[in-house]
Amino acid sequence: MNEYKINTKCVQAGYRPGNGEPRQIPIIQSTTFKYDTSEDMGKLFDLQASGYFYTRLQNPTNDYVAAKIAALEGGSAAMLTSSGQAANFFAIFNICECGGHIVSSSSIYGGTFNLIAVTLKKMGISVTFVSPDASDEELDAAFQDNTKAVFGETIANPALTVLDIEKYAKAAHRHGVPLIIDNTFPTPVNCRPIEWGADIVTHSTTKYMDGHGAAVGGAVVDSGKFDWMAHKEKFPGLCTPDESYHGITYVEQFGNAGAFITKCTAQLMRDFGCIQSPQNAFLLNLGLESLHVRMPRHVENGQAVAEFLSSHPKVEKVNYSGLKGDKYYALAQKYLPNGGCGVVSFVLKGGRPAAEEFMKKLKLAAIETHVADARTCCLNPATSTHRQLTDAQLEAAGIPAGLVRLSCGLEDKEDLINDLKQALA
Ligand SMILES: Cc1ncc(COP(=O)(O)O)c(C=O)c1O
């Protein structure tokens, strides 16, 4: 479907039914698949034929939806995972093992920060965090001989910093490693990081892609552009024989376009089993079918709310890259010309107590550990999603303790603004 525009891909990419086949994606609610001979099945285990044998590794419903997400991002292959956390873990762990190191923007989602700074550390993977605004020199200084990847978020949750993807990609490539971008907030409707040099793109599909707060999920997309063999000493898992798969070398057998996702499926999905349920993949696809219609409304509401808040006397600061005075306005014009997302964050005069009091008074916006949904919701990150971070880490991530994250849904923007008005009063 490459010849079609993104709006058409949202609706029709991935699943293309044949004559007399179901118009809607079938939910293949089966753990396993039947074969006539052991030889047939053996070929699948040897990765000599493509097909399905067990849903812990792969399921056709998931693959239809993953193919749609790959088409939306302009990637060569994709896979669905059980959550966004699993997607980021897989994207990193597929190329970075014990003894490896990654460079990461410090302005990222708290759960991902924890994954990288605490859990991956326990697995022997170290990290150097850099400012999302780091200069070329500062980025270069963060690399080590054992660096395997660079990580960042297009629009960071909840600091709403906009990453200079091109700068980060060039730095990663100067050091012979791929750039992994979590593109959850803008979605491919508003930004396609691969077009700016990113090599791997991840998503928490739980957010706008699903869009209705119905199903937790994630996705990993490979651009197919990174030349693994050119840096084969850094990526032995892709460029040398895999003993757990009868000695196949992923890049030789599947090329740059297929190696990353095949290895991720064959090894990580097999061993960790973080597969998305086919039911959830079906729900995700329903969300994707209207993503291109919903995103502009989220942006419209986010922009209106950000403008209202920035002129209110009780508000100290508003973060929204669509505001002319925002630090990231220029980068947003480059990477997000149609707007970023509906998430606005702001600090009330009076800090954390004022934020807590204000949130209690909201009638339309519910307090939720969630974001990027059809219904407007809000949260104080310091007391919820980011409560494991120290004050210094909160500061580095650009999250003051009194910050309110407001995720503007699809309601009428006047109603949203009136709700904020009465709560502020
Ligand atoms: C940018 C980003 N990445 C990853 C995640 C983790 O996704 P999930 O909650 O689906 O595991 C989140 C969750 O909020 C997120 O905002």
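Just the heavy atoms: all of them, side chains too, but no hydrogens, waters or symmetry mates, feed the values below. Read the numbers this way: they start at 1 and go in the same order the structure lists the ligands and their atoms.
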> Just by distance, with hydrogens left out, do Ser126 and His101 show a side-chain donor and acceptor under 3.5 Å apart?
Replying inline: no
> Any N or O of Thr112 that comes nearer than 3.5 Å to an N or O of ligand 1?
Replying inline: no
> Which residue owns the protein heavy atom closest to atom 8 (P) of ligand 1, what's the atom, and how far is it?
Replying inline: Gly84 N, 3.4 Å
> Is the closest side-chain donor-acceptor distance between Gln58 and Asp63 under 3.5 Å?
Replying inline: yes
>> Suppose we measure from atom 16 (O) of ligand 1 to each protein heavy atom; which comes out shortest, and what is that distance?
In response: Asn157 ND2, 2.7 Å
>> Testing Val103, Asn88, Ile200, Leu179 one by one against Phe151 for a side-chain contact (heavy atoms from CB on, under 4.5 Å), which residue passes?
In response: Asn88
> What is the closest protein heavy atom to atom 14 (O) of ligand 1, and at what distance does it sit?
Replying inline: Lys207 NZ, 2.8 Å
> Parallel, tilted or perpendicular: which fits the ring planes of Phe113 and Phe129, with parallel below 30° and perpendicular above 60°?
Replying inline: parallel
> Which atoms of ligand 1 have any heavy atom of Thr184 under 4.0 Å away?
Replying inline: 1 (C), 2 (C), 3 (N)
> What do you reckon, are the aromatic ring centroids of Phe260 and Phe226 less than 6.0 Å apart?
Replying inline: no
> With distance as the sole criterion, is a donor-acceptor pair present between the side chains of Asn190 and Tyr335 under 3.5 Å?
Replying inline: no
> Among side-chain atoms of Lys148 and Asn146, is any donor-acceptor pair under 3.5 angstrom?
Replying inline: no
> Between Val216 and ligand 1, does any nitrogen or oxygen pair lie at a separation below 3.5 Å?
Replying inline: no
> Among protein heavy atoms, which lies nearest atom 10 (O) of ligand 1, and at what distance?
Replying inline: Thr206 OG1, 2.6 Å
> What residue and atom, counting heavy atoms only, is the protein's closest point to atom 2 (C) of ligand 1, and at what distance?
Replying inline: Asp182 OD2, 3.5 Å
> Which of the atoms of ligand 1 are close to Ser83, meaning less than 4.0 Å from one of its heavy atoms?
Replying inline: 10 (O), 11 (O)
> Which ligand 1 atoms does Glu153 reach within 4.0 Å, using its non-hydrogen atoms?
Replying inline: 1 (C)
>> So if I count the atoms of ligand 1 from 1 in the order they appear, which ones are less than 4.0 Å from some heavy atom of Gln85?
In response: 6 (C), 7 (O), 8 (P), 11 (O)
> Does ligand 1 have any atom sitting under 4.0 Å from a heavy atom of Gly217?
Replying inline: yes
>> Quiz question: by atom type and distance under 3.5 Å, do the side chains of Ser321 and Asp326 form a donor-acceptor pair?
In response: no
